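For reference, the structure is listed below as structure tokens.
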Amino acid sequence: MFPRISRRSTVSQICYAAIVLITTFFVAISCALLLSQAVRTAPNRSFVKNVNAVIIGAAYVFMLVISLAFCLKRRIAVHRRLQRISKSFRTLAKNDVPDSVFLYMQQEYTRACLIAYEARPKEGSQEGWGRPGTKYAGIRFRTCLLDTVRTIDRLAHLVIPRHPPLRPHARMMHHFRFILPLLSKDEDGLTPLHYYDSAIQLARHATREPTEQEFIIGIRAARDIEAILNECYLEMREGSSTDLSTCE
């Protein structure tokens, strides 16, 4: 819409400039021809004491002054009218415009809202992202899984202060090996750390994006690990508080 308006404005400016140049050209030619005719018809064939030449020149000068005054008056009027327009943002009310204009604006606004609502993605999905309309909408699976590593590492250092620092490419099974005894096993003998390690490896090194099912398994394992570490940390704090009260 805006490029089209810009093109129209440019074309109108070019046309206006062309009309002004053409008009000025023909006016100048007519002035020159009339002056030359006044000189040819004068008795002395000169501009000296040539009343006709003076009258013609004065008429063209008068026309030039009137034209410039009219253009200047027009520009001043437009400038004053624009100055009366409020520069601060103000919402238009029904009484600010005629009823027909207000009804037209309301219809256009309603139509724009309906188009925006119908244009929202409903069934489509993008690989590695949550589907629209689900609780994972707008979540990128790879980024969300990798963000949990620092959270779990921070909790692990709270429970085990001498826990080794996090390395960029360390396997989760190796890095969090000291919290492995705290985690419960399922019927297959696997802990949440095993599932979490697989999900992080997939998020780090796989060329494809994680699927929603893989993300659910990984994020569920991460939440289980965080919950267990939080419980251990709270129990440690309660034990420390109990010991301090006993000593007192």
Side-chain angles (χ1 to χ4, degrees), residues 89 91 109 112-248:
F89 176 79
T91 304
Y109 178 75
C113 291
L114 290 174
I115 292 173
Y117 176 76
E118 293 296 331
R120 292 190 310 171
K122 298 179 178 63
E123 301 296 334
S125 60
Q126 186 176 356
E127 184 181 1
W129 289 79
R131 292 175 298 168
T134 64
K135 64 178 181 179
Y136 302 117
I139 297 178
R140 189 187 181 193
F141 299 149
R142 187 189 300 271
T143 304
C144 186
L145 283 172
L146 295 177
D147 287 343
T148 60
V149 175
R150 293 192 176 277
T151 304
I152 296 177
D153 182 69
R154 180 177 56 81
L155 292 173
H157 278 87
L158 293 176
V159 176
I160 307 174
R162 298 178 66 84
H163 193 274
L166 180 64
R167 295 182 179 180
H169 303 289
R171 288 285 300 265
M172 297 298 99
M173 283 295 299
H174 177 74
H175 180 67
F176 294 117
R177 61 189 182 276
F178 296 110
I179 66 172
L180 191 60
L182 303 175
L183 306 177
S184 59
K185 297 181 180 180
D186 58 8
E187 60 273 8
D188 297 326
L190 300 177
T191 64
L193 186 58
H194 290 82
Y195 297 103
Y196 183 68
D197 177 70
S198 300
I200 294 300
Q201 285 296 106
L202 179 66
R204 279 179 173 175
H205 305 296
T207 55
R208 63 175 181 85
E209 295 289 335
T211 63
E212 183 175 341
Q213 187 63 32
E214 292 167 345
F215 170 74
I216 292 174
I217 293 174
I219 203 68
R220 187 177 297 167
R223 298 293 180 261
D224 291 341
I225 297 173
E226 291 177 8
I228 293 172
L229 291 176
N230 275 320
E231 290 178 2
C232 294
Y233 179 66
L234 292 176
E235 290 179 0
M236 290 172 56
R237 292 191 62 180
E238 291 178 358
S240 300
S241 301
T242 305
D243 293 341
L244 289 174
S245 61
T246 303
C247 293
E248 292 177 355

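Remember, predicted model here, so these are calculated numbers, not experimental data.
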* **Selection residues 164-186 - residue pairs positive for ring pair (Phe, Tyr, Trp, His ring centres under 6.0 Å), sequence neighbours left out** => His163-His175, His163-Phe176
* Can you measure from CE (Met173) to CG (Leu180) and round to the nearest 0.5 angstrom? => 5.5 Å
* Asked: Under the criterion side-chain contact (heavy atoms from CB on, under 4.5 Å), which of Thr191, Ile160, Val159, Ile228 is the partner of Ile179?
  -> Ile160
* **Main-chain N/O of Leu190 paired to Asp188 side chain as donor or acceptor, under 3.5 Å** => no
* **Test ring-ring contact (aromatic ring centres under 6.0 Å, His included) applied to His194 - qualifying residues, sequence neighbours left out** => none
* Structure fact -> Interatomic distance, CD1@Ile152 vs NE2@His157, rounded to 0.5 Å, equals 13.5 Å
* To do: Give every residue pair that meets the salt bridge (Lys or Arg N to Asp or Glu O under 4.0 Å) criterion with at least one member in residues 153-176, sequence neighbours excluded.
  => Arg171-Asp197
* **Heavy atoms from other residues, nucleotides or ligands near CZ of Arg220 exceed 12 (cutoff 6.0 Å)** => no
* Asked: How many angstroms lie between CD1 in Ile200 and OG1 in Thr148, if you round to the nearest 0.5 Å?
  -> 4.5 Å
* Asked: Do you know which two heavy atoms are closest between Gly130 and Thr134, and how far apart they sit?
  -> C-OG1, 4.5 Å
* CG on Asp224 to CG on Leu229, rounded to 0.5 Å -> 11.0 Å
* Kindly write out the residues that satisfy salt bridge (Lys or Arg N to Asp or Glu O under 4.0 Å) with Glu212, not counting sequence neighbours, or none if the list is empty. => Arg131
* When rounded to the nearest 0.5 angstrom, what is the spacing between OH in Tyr195 and CD1 in Ile216? -> 15.0 Å
* Structure fact -> Across all chains, not counting sequence neighbours, the salt bridge (Lys or Arg N to Asp or Glu O under 4.0 Å) partners of Arg223 are Glu226
* **Which atom of Ile139 lies closest to which atom of Lys135, heavy atoms considered** => CD1-O, 4.1 Å
* Asked: What are the two closest heavy atoms between Leu145 and Gly218, and how far apart are they?
  -> CD2-C, 3.8 Å
* Asked: Considering all heavy atoms of both residues, which atom of Pro192 and which atom of Ser184 are nearest to each other, and what is their separation?
  -> CD-O, 3.3 Å
* Considering residues at least two apart in sequence or located in another chain, which fulfil the ring-ring contact (aromatic ring centres under 6.0 Å, His included) criterion with Phe215? -> Tyr136, Phe141
* To do: Could you tell me the separation between the CG atom of Leu202 and the CZ atom of Arg204, rounded to the nearest 0.5 Å?
  => 12.0 Å
* Donor-acceptor pair, side chain of Tyr196 and main chain of Val149, under 3.5 angstrom -> yes
* Quick check: does any side chain N or O of Arg208 sit under 3.5 Å from a backbone N or O of Gly128, one acting as donor and the other as acceptor? -> no
